[in-house]
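Both counts, for ligands and for their atoms, begin at 1 and track the order of listing.
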Amino acid sequence: MKMELPITEQSNSLSSNIDIQGSDGILRILKQCDAEIFNGWKQHKSLYDFASSLENLSIMAAKIIKNDRGIVVMSGCGTSGRLGFITARSFNQVFPGKFHYTIAGGDRALLLSTEAPEDSWTDGVRDLEKVSTSFEEVLFIGITCGLSAPYVAGQLDYCMKHLEKFCPVLLGFNPVELARQVSIRNWDKTFYDVATAMRSLGEPKCYIINPVIGPEPITGSSRMKSGSATKIILETLFILSANRVMELEPQCRASDIFLSYEILLRCTYLQSKSISRLLKAAGNTFCTGGRVCYLGRDTEGILGVVDASECPPTYGADYDDIRGFLQKSWSALRNNEGDLSQRGPLFNLDWEYFKAEVLPLLSEKDCVIFVGVSPNDAKDLLQLIQEKTCTIGMITTSSPENTIKDPANIISVSISVASEAIEALLPSSFISSSLFTNAASSRFIVSLMSGMCIKWSLNAISTGAHIAKGKVLGNKMIDLQVSNTKLYYRSIGIIQELTGASRHVAEKYLLLSIYGSDTELPTTDEEVLSHISAATGKPLIVPTAILMIRKSDLSVEGAREWLRNQPVLRKGLNNEL
Ligand code: S6P
């Protein structure tokens with residue numbers, strides 16, 4: 001029997017021709033796909049159906065936050081881990097020291113894609129034990145959009161063995177039936193086993209928050225809709241919890257908060273015209289061999305760094321193709337391991353580093369985008385960038401009465417946040433709490449809202465620019481890195497789908513592309529892992545395999561040469577695919 005693909009790995013029918021759209025068309029499709037976060041998908045339970053579970057969970061969270069020896073831990077791999085980190089960082093401003101995170105691969109993974117540690121369930125357990133050891137009560141939220149990451153499975157299983165201390169929560173976007181059933185190295189459990197065990201235990205011992213929000217606009221790119229929904233759910237949960245801890249009346253409701261985010265989505269796409277101009281500029285930059293730099297500060301700047309960090313595994317991008325810089329660097333991140341800038345140039349985030357090392361290399365081919373900061377607030381730097389004649393953009397948010405005036409010669413995306421969104425997210429009682437001053441609380445809520453709009457805009461720009469560069473075929477990423485088991489099997493699926501080849505042939509050509517010569521198909525998990533380590537860091541693996549199957553007379557070298565001359569695969573094959 002053929003297994004149904006998890007919804008997070010399915011192809012979205014709304015975006016099947018996204019690769020041949022211009023920038024306006026790309027924006028229109030992304031808008032429709034993002035709307036599914038709120039509208040739901042087919043017969044499945046939608047975001048709004050989880051409102052009451054989140055309200056119940058917020059009672060548990062509030063109890064744990066009030067306990068002197070209680071903490072919240074959020075954990076995940078790749079984007080999921082980064083969003084856990086960002087949420088912990090934000091809510092520590094409200095309840096200092098209460099929010100913690102673990103991320104597969106440690107803090108280096110906040111910046112660089114280290115996809116391999118995702119496969120280790122034991123690393124997950126080790127990291128969770130470390131962060132939770134000196135506490136007596138822990139709300140653990142394991143984020144895995146695909147219900148698939150072994151790192152998170154190990155942690156959830158550990159929590160279930162220690163229910164006297166942990167309340168485990170699984171956050172993801174597939175029904176439990178579609179949780180991953182692939183075996184996990186050195187373990188007798190699959191993700192599916194863990195998820196079904198959680199389901200049997202049920203609330204209030206543990207929670208599964210898994211609305212179905214429909215497939216991603218770029219197949220499998222969970223940084224997009226799933227990442228946005230993760231941010232919405234976590235923020236909703238902790239706004240509700242903060243209300244409870246502060247014993248505020250009236251308590252706000254989860255569905256009202258969801259509605260605010262829905263309004264924010266509309267506010268963002270009302271700026272489609274200007275986002276589209278910036279997307280086009282970034283696309284032109286990539287097509288002419290230039291680089292895109294985000295310059296941001298605070299949470300918005302971190303979202304820029306995160307958006308850039310996701311492009312290498314998703315599109316095979318080079319780390320310098322698109323890179324984020326953050327004012328005040330690591331001290332602004334407030335991460336577990338502190339300043340990592342000594343680890344090498346890729347760990348240098350600071351604007352000062354940008355000024356000294358990157359700015360001198362810029363030219364008219366390049367594009368610099370200010371994120372969450374008006375270039376007028378960085379006048380000296382702006383002038384230096386203007387002298388380099390590169391394209392300059394900015395993305396900011398503001399309340400309607402406080403709109404930022406667009407500076408000349410800058411492609412400006414200025415998202416004006418509707419007051420209805422602010423009102424629902426900012427319950428009056430929240431403002432008057434003694435724990436949080438009025439000004440601090442409204443700054444906090446505005447930064448959550450602004451972050452959401454900025455995430456949607458940046459995702460659209462970086463995705464659209466890679467589409468322009470030919471890194472998407474139909475709606476499939478075709479130059480992904482083959483750097484963990486999920487991506488290995490996803491690559492085989494993409495090759496099969498785009499060539500009609502059997503699974504056997506698709507895997508054979510994948511290995512041919514990795515090694516440049518015929519290789520036995522793996523029969524054990526260990527062999528799969530060694531193919532993954534051979535593939536890690538190698539460019540154009542999947543497009544090369546596709547091309548060799550489609551043009552049967554091409555050698556590996558011939559296919560690579562062909563791709564160097566014609567990076568847009570569909571165009572090169574005269575729309576045959
Ligand atoms: C996805 C991103 C990846 C995933 C990571 C975790 O766009 O590139 O880094 O976040 O693989 O996936 P999941 O399904 O466990 O959240």
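A cation-pi arrangement, defined by a distance under 6.0 Å to the six-membered ring centre and an angle within 45 degrees of its axis, is present between Lys469 and Phe286.
For Lys98, the NZ atom counts as densely surrounded, since its 6.0 Å shell holds more than 12 non-hydrogen atoms of other residues, nucleotides or ligands.
By the 4.0 Å N-to-carboxylate-O rule, Glu9 lies too far from Arg180 to be salt-bridged with it. Under a 4.0 Å N-O distance rule, the pair Arg126/Asp123 qualifies as a salt bridge. At a threshold of 4.0 Å, the pair Asp525-Arg185 does not count as salt-bridged, since none of the basic side-chain nitrogens sits closer than that to a carboxylate oxygen.
Of the protein's non-hydrogen atoms, the one nearest atom 3 (C) of ligand 1 is Glu115 OE1, 3.9 Å. What sits closest to atom 13 (P) of ligand 1 on the protein, heavy atoms only, is Cys145 N, 3.4 Å. Among protein heavy atoms, the minimum distance from atom 10 (O) of ligand 1 is reached at Thr79 N, 3.0 Å. Atom 15 (O) of ligand 1 has as its closest protein heavy atom Thr144 OG1, 2.7 Å. In this structure, atom 8 (O) of ligand 1 lies nearest to the protein heavy atom Thr314 OG1, 3.8 Å. For atom 6 (C) of ligand 1, the nearest non-hydrogen atom of the protein is Cys77 O, 3.2 Å. Ranking the protein heavy atoms by distance from atom 7 (O) of ligand 1 puts Arg223 N, 2.9 Å first. Ranking protein heavy atoms by distance to atom 16 (O) of ligand 1, first place goes to Ser80 OG, 2.6 Å.
Considering Gly172, Pro6, Ala104, Gly146 only, the shortest heavy-atom separation from atom 14 (O) of ligand 1 involves Gly146. Here the shortest heavy-atom distance to atom 12 (O) of ligand 1, taken over Met224, Glu118, Lys486, belongs to Lys486.
For the pair Ser222 and ligand 1, a heavy-atom separation below 4.0 Å is found.
The closest side-chain donor-acceptor pair between Asp34 and Tyr269 falls under 3.5 angstrom.
Residue contacts with ligand 1, taken as heavy atom pairs separated by less than 4.0 Å, involve Ser148 solely via side-chain atoms from C-beta onward.
Taking the six-membered ring where tryptophan is involved, the planes of Phe166 and Tyr158 are perpendicular, since the angle between them exceeds 60° and thus also 30°.
Atom numbering of ligand 1 starts at 1 in the shown order; those under 4.0 Å from a heavy atom of Ala149 are 15 (O).
Any N or O atom pair closer than 3.5 Å counts here, and Glu310 shares no such pair with ligand 1.
Contact of the Leu303 side chain with the Asp307 side chain is not registered, since no non-hydrogen atoms from C-beta on lie closer than 4.5 Å.
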Practice prompt. Please test Phe238 against Phe99 for ring pair (Phe, Tyr, Trp, His ring centres under 6.0 Å), starting from the C-alpha separation and ending with a verdict.
Written response: CA-CA 10 Å; Phe238 297 126; Phe99 291 86; 4.9 Å; yes
